[in-house]
Amino acid sequence: MSSTMKDYWKFYKLSLFTSLLFIFACAKTFGPEKEQTYTGEALGTSYQVKFFHSEKLDITPSLDSIFEVINTSMSTYQSDSDISRINSGDTTVFIDEHFRKVFLASKKIYEESGGMFDPTVGKLVNAYGFGPEGPQKVFKDGELDSLMLYVGFDKLRLTDEGRIIKDHPEVFIDFNAIAKGYAVDEIARYLDNKNIENYLIEVGGELVAKGYNISRDQMWVVGIDSPEQVDGERKLQAAVKLENRAMASSGNYRKFRTDPETGQSYVHTINPLTGVAQKNDLLSASVLAENCTLADGYATAFMALGYDGSLEMLKSLSNVDVYFIYIDGNEGVGIYTSPGFEENLLEEE
């Protein structure tokens, strides 16, 4: 075979190989998007991540890494976490970016709620012995005032170099009311960085949706629990279309009682400003917001404020919509839906 023919066959084989690589790459990248679902346990609850992608992706190690980093930063159940070390009085801790973001979001909601959202209220919760039967503790004279010295997010400061300064060493920080929402946002950031455009993330009932549910050819749809459900069943109050937004819910479904004198129903909620366990008429708050960190924190704040206080706070918030289930005096359960939330409700068929 002549040298010219040999060169031709070399060129032909190389071109064929290159073409096959190109075809394979295109098929792998631009093939039909398939639904993929990952579930597990983390942060003391369950999670589910569902998305569509043309490649089969194993994101379990990355999810585990996200949860591990958040636990190492903010888990009060992990003795060597940053927050546990700070709570125990260690002043040498320099917080990471996760802690900083949650701290600043908590401060924002603390100020917007007039102090009713307060991650330092844990000492009061523990002191009251809150459980299914409500507060068990009867405080002696001066005992509640002593505890209140250690309650108040304004007793904390974040320095420029990343240290938390407490007015009193006994101040105890607990981000459980906002950390699940933050975890959802971190998973969303991870999926965005992977160029995944259609997903639904849920951690302990807190959610973020982006894009479209391709397998059902519709927007993502999630449910709001009914206060009439009993243990062991799941009864939905409403269904919500979730499009490029976050939703979080907080509720007292199974903790309300009836006043034997008035016959009126209520739940107990600790007022962080007074330390008093007061009656509250809000059974559930579902919140739509730009991210799940804020949605989670706002839902908790509304539950502390009660129905009227929540409506008042809502007036000062932008890009926040709500679905409230509340106790309507002696007449039963009432529903309040903001106009923006109403637009996303699915009508019953």
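None of the values given here were measured: they were computed from a predicted structure. Start at 1 with the first residue, then count along the sequence.
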>> Quick one about Ser73 and Asp96 (side-chain donor to acceptor, distance below 3.5 Å, no hydrogens or angles considered), yes or no?
In response: yes
>> Are the side chains of Phe175 and Phe99 in contact, using a 4.5 Å heavy-atom criterion?
In response: yes
Name each donor-acceptor pair under 3.5 Å that joins a side chain in residues 59-70 to protein atoms two or more places apart or in another chain, with its distance.
| residue | atom | partner | partner atom | Å |
| --- | --- | --- | --- | --- |
| Thr60 | OG1 | Asp58 | OD1 | 3.4 |
| Ser62 | OG | Tyr190 | OH | 3.2 |

> Between Lys107 and Asp154, does at least one N-O distance fall below 4.0 Å, as a salt bridge requires?
Replying inline: no
>> I need the Glu161 CD to Ile95 CD1 distance, nearest 0.5 Å.
In response: 10.5 Å
> Donor-acceptor pair, Glu202 side chain versus Gly205 backbone, under 3.5 Å?
Replying inline: yes
> Could you walk me through whether Ile83 and Asn87 pass the side chain to side chain contact (heavy atoms under 4.5 Å, CB included) check?
Replying inline: CA-CA 6 Å; Ile83 199 168; Asn87 283 336; 3.9 Å; yes
> Charged N to carboxylate O under 4.0 angstrom, Lys108 versus Glu111?
Replying inline: no
>> So, taking the atom named OG1 in Thr274 and the one named CG in Asp145, what distance separates them when rounded to the nearest 0.5 Å?
In response: 10.5 Å
>> I'd like to know if Glu35 and Lys50 make a salt bridge, using a cut-off of under 4.0 Å between side-chain N and carboxylate O.
In response: yes
> Would you call Lys140-Glu143 a salt bridge at under 4.0 Å N-O?
Replying inline: no
>> If we ignore hydrogens and angles and just use 3.5 Å, is the side chain of Asn280 paired with the main-chain N or O of Met303 as donor and acceptor?
In response: yes
> What orientation do Tyr128 and Phe139 show, parallel under 30°, tilted 30 to 60°, or perpendicular over 60°?
Replying inline: perpendicular
>> Checking Arg157 now: which residues fulfil side chain to side chain contact (heavy atoms under 4.5 Å, CB included) with it, not counting sequence neighbours?
In response: Ile165, Asp167
> Checking Asp296 side chain against Cys292 main chain: does a donor-acceptor pair fall under 3.5 Å?
Replying inline: no
> Is there a donor-acceptor pair closer than 3.5 Å between any side-chain N or O of Arg163 and the backbone N or O of Leu158?
Replying inline: no
> Among side-chain atoms of Asp80 and Gln78, is any donor-acceptor pair under 3.5 angstrom?
Replying inline: yes
> According to the ring-ring contact (aromatic ring centres under 6.0 Å, His included) rule, which pairs have a member within residues 291-322, sequence neighbours left out?
Replying inline: Phe302-Phe324, Tyr307-Tyr326
> Under the 3.5 angstrom rule, does the side chain of Ser84 hit a backbone N or O of Ser81 as a donor-acceptor pair?
Replying inline: no
> Under the 3.5 angstrom rule, does the side chain of Gln218 hit a backbone N or O of Tyr212 as a donor-acceptor pair?
Replying inline: no
> Are Asn213 and Ser215 linked by a side-chain donor-acceptor pair shorter than 3.5 Å?
Replying inline: yes
> Do Asp118 and Thr120 meet the criterion of a side-chain donor-acceptor pair at a distance under 3.5 Å?
Replying inline: yes
> Any salt bridge between Asp192 and Lys210, counting N to O under 4.0 Å?
Replying inline: yes
> Quick one: does His168's side chain have a donor or acceptor within less than 3.5 Å of a partner on Glu170's backbone?
Replying inline: no
>> Would you say Arg245 and Asn319 are linked by a side-chain donor-acceptor pair, where the criterion is simply a distance under 3.5 Å?
In response: yes
> Can you check whether Thr72's main-chain N or O pairs, donor with acceptor, with Ser75's side chain at less than 3.5 Å?
Replying inline: no
>> For the NZ atom of Lys166 and the NZ atom of Lys155, what is their distance to the nearest 0.5 Å?
In response: 13.0 Å
> In terms of heavy-atom contacts, does CD of Gln36 have more than 12 from other residues, nucleotides or ligands at under 6.0 Å?
Replying inline: yes
